[in-house]
There are 2 protein chains.
Amino acid sequence: MSALFNGISEKEKNKLFTLLHTHVYTFEDNINIIPTIRNTNIIGIVDEGSIEFTKTNYYGDTTLIEVLEKDDIFGTSISSLYNNEVELITKGKTTVIIIDFKRLMKEENISKSYYNIFIQNLFTILNEKIKDKNDRISILTNKTIRNRLLEYFNSNRAAGTNNVYLPFNFTNLAAYLGVDRSAMTRELKYLKEERLIEIKGKRITILY
Amino acid sequence: MSALFNGISEKEKNKLFTLLHTHVYTFEDNINIIPTIRNTNIIGIVDEGSIEFTKTNYYGDTTLIEVLEKDDIFGTSISSLYNNEVELITKGKTTVIIIDFKRLMKEENISKSYYNIFIQNLFTILNEKIKDKNDRISILTNKTIRNRLLEYFNSNRAAGTNNVYLPFNFTNLAAYLGVDRSAMTRELKYLKEERLIEIKGKRITILY
DNA sequence: ATAAAATTGTTGCACTTGCAACATTTTACA
DNA sequence: TGTAAAATGTTGCAAGTGCAACAATTTTAT
């Protein structure tokens with residue numbers, strides 16, 4: 001659960017949506033939602049389902065930028081919908097809440113305390129997004145698969161432990177690390193043989 | 001020049017700084033400024049000089065995350081100062097303006113129109129930062145030096161032209177792309193020989 | 001103007017990795 | 001419960017790239 005509505009009651013949340021004239025859209029599985037919401041300066045919130053945010057370069061290679069789950073945000077003023085190589089593809093039936101960014105910034109809203117909390121939460125989430133991206137950049141600048149794995153494991157330990165719980169499967173881990181999956185599997189085998197890690201399902205234990 | 005003070009006059013800017021109780025710090029060359037500003041929930045603005053934002057992983061490899069120039073922003077609520085592997089190193093004598101984030105979010109400020117513009121500008125800048133990082137991630141997931149170069153060139157054309165003007169030298173380009181500099185030089189030679197690009201100083205012309 | 005420092009260019013070599021092609025196992029779903 | 005689909009595991013091989021070590025050039029500072 002994201003922090004977007006932290007400190008805001010369900011009642012206030014509904015008031016906020018009225019105040020901001022939010023729109024709700026529902027999409028079937030595997031739809032690019034950008035054509036529906038394009039040309040508007042908006043903030044979108046995933047309310048149900050999930051969305052894969054991808055970017056395709058000029059020769060057709062696609063990068064998975066992030067997976068947006070319930071209460072994650074996206075939008076012109078947050079990511080880069082204006083870029084036509086970018087797609088937001090629904091995974092499963094998906095509902096999104098759309099807020100007009102201009103309305104969000106209207107002064108008359110400001111007397112409401114929950115409005116201020118909402119703006120603060122938005123900043124906090126953007127902060128976390130930037131931090132996550134910095135972390136991924138740091139990992140991607142490693143020159144070997146081994147170092148990418150080790151840095152990933154190191155910076156994703158469960159607090160106070162030597163365990164990492166993968167938030168996705170190994171195929172997606174390879175994509176996240178920007179490496180060939182089979183080559184990554186080989187490297188994981190070496191790491192296990194050298195007893196630097198142990199793997200049990202999606203739990204990796206760091207032994208080094 | 002960043003957009004942080006777009007639509008805000010110099011007079012209003014000074015009023016804003018008074019309103020927000022900003023602090024100004026000046027540092028000599030090559031100082032890590034984090035110890036001075038740590039433990040505060042702040043937004044920092046570079047007013048003079050520049051700052052290299054680096055991240056060092058657990059085995060000592062350092063990644064240059066971004067270079068902050070005049071009017072660029074940083075901070076707990078924007079990047080990840082709480083992370084102790086992170087450094088903000090001044091390049092040359094550098095002055096920064098520090099704004100307490102809590103104060104920035106105080107409701108009593110809100111009647112001022114320039115305050116609202118300032119908040120909007122902050123969102124816009126964060127948006128651009130996220131977009132830049134997404135672009136870099138997209139480039140870094142390419143598996144060959146050649147493809148990283150070509151995608152970089154393609155997504156950094158000067159508007160409406162086939163020219164790219166490097167904002168840094170080739171050594172830093174290699175760091176940005178996460179590749180060995182000498183290997184990159186070799187690849188650039190091949191690209192020139194195959195007449196896919198032309199290089200004249202820091203101007204690259206795309207011929208493909 | 002000159003020395004020092006930084007940047008750029010070059011190349012051999014070892015090694016990592018992508019790729020392809022396929023086997024095996026697990027998961028999804030009708 | 002059975003079958004298709006997805007995920008994981010394996011391996012040979014060619015190709016790309018990091019690394020090291022050095023030369024040449026350009027920039028910076030005094």
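The figures that follow rest on heavy atoms only: side chains count, while hydrogens, waters and symmetry mates do not. Please read all numbers here as calculations on a predicted model, not as lab measurements.
- Taking every side-chain heavy atom of A/N169 into account, D/dT8 is the closest of C/dT8, C/dG18, D/dT8.
- The phosphate of D/dT8 (OP1 or OP2) has a side-chain N or O of A/T171 nearer than 4.0 angstrom.
- Scanning all heavy atoms of the two residues, the minimum distance from B/V46 to B/E69 falls at CB-O, 3.4 Å.
- Taking atom CG on B/L173 and atom C1' on C/dT7, their separation rounds to 13 Å, with Å as the unit.
- Distance CD1 (B/I199) to P (C/dT8): 11 Å, rounded to an integer number of Å.
- One finds a salt bridge joining A/K70 and A/D47 here, because a Lys/Arg side-chain nitrogen approaches an Asp/Glu carboxylate oxygen to under 4.0 Å.
- The interatomic distance linking B/D29 (CG) with D/dT28 (P) rounds to 15 Å, in whole Å.
- A/K143 and B/D180 are not joined by a salt bridge, as no carboxylate oxygen comes within less than 4.0 angstrom of a charged side-chain nitrogen.
- Near DNA chain C, defined here as any heavy-atom distance below 4.0 Å, the residues from residues 183-196 of chain A are A/A183, A/R186, A/E187, listed numerically.
- The neighbour count for A/K93 NZ, taken as heavy atoms of other residues, nucleotides or ligands under 6.0 Å away, does not exceed 12.
- Taking atom NZ of B/K200 as the reference point, atom P of C/dT8 lies 18 Å away to the nearest angstrom.
- For D/dG18, its base never sits under 3.5 Å from the side chain of B/R181 at any donor and acceptor pair.
- The pair A/K133-A/E66 meets the salt-bridge criterion, since a charged nitrogen lies less than 4.0 angstrom from a carboxylate oxygen.
- To the nearest angstrom, P of C/dT16 lies 15 Å from CG of B/D180.
- Here the C1' atom of nucleotide D/dT27 and the CZ atom of B/F170 are 16 Å apart, to the nearest Å.
- Remark: of the listed residues A/N32, A/V86, A/T62, A/T63, A/T62 is the sole one forming a side chain to side chain contact (heavy atoms under 4.5 Å, CB included) with A/T54.
- For A/K202 and D/dA7, the NZ to C1' distance is 10 Å, given to the nearest whole Å.
- At its two ends the helix from C/dA1-D/dT30 to C/dA30-D/dT1 runs along axes set 70° apart, each axis drawn from five pairs and the angle rounded to 10°.
- In this structure, OG1 on A/T90 lies 7.0 Å from CD1 on A/I51, to the nearest 0.5 angstrom.
- A heavy atom closer than 4.0 Å to some atom of DNA chain C occurs in A/K143, A/T144, A/I145, these being the qualifying members of residues 141-153 of chain A.
- Counted within 6.0 Å of NZ on A/K102, heavy atoms from surrounding residues, nucleotides or ligands total 12 or fewer; the atom is thus considered open.
- Annotation: side chain of B/L177 is not in contact with side chain of B/I145 (no heavy-atom distance under 4.5 Å).
- Under the side chain to side chain donor-acceptor pair (under 3.5 Å) rule, A/E187 has a single partner from A/R146, A/R148, A/K192, which is A/R146.
- Using a cut-off of 4.0 Å between Lys/Arg side-chain N and Asp/Glu carboxylate O, A/R136 and A/D132 are scored as not salt-bridged.
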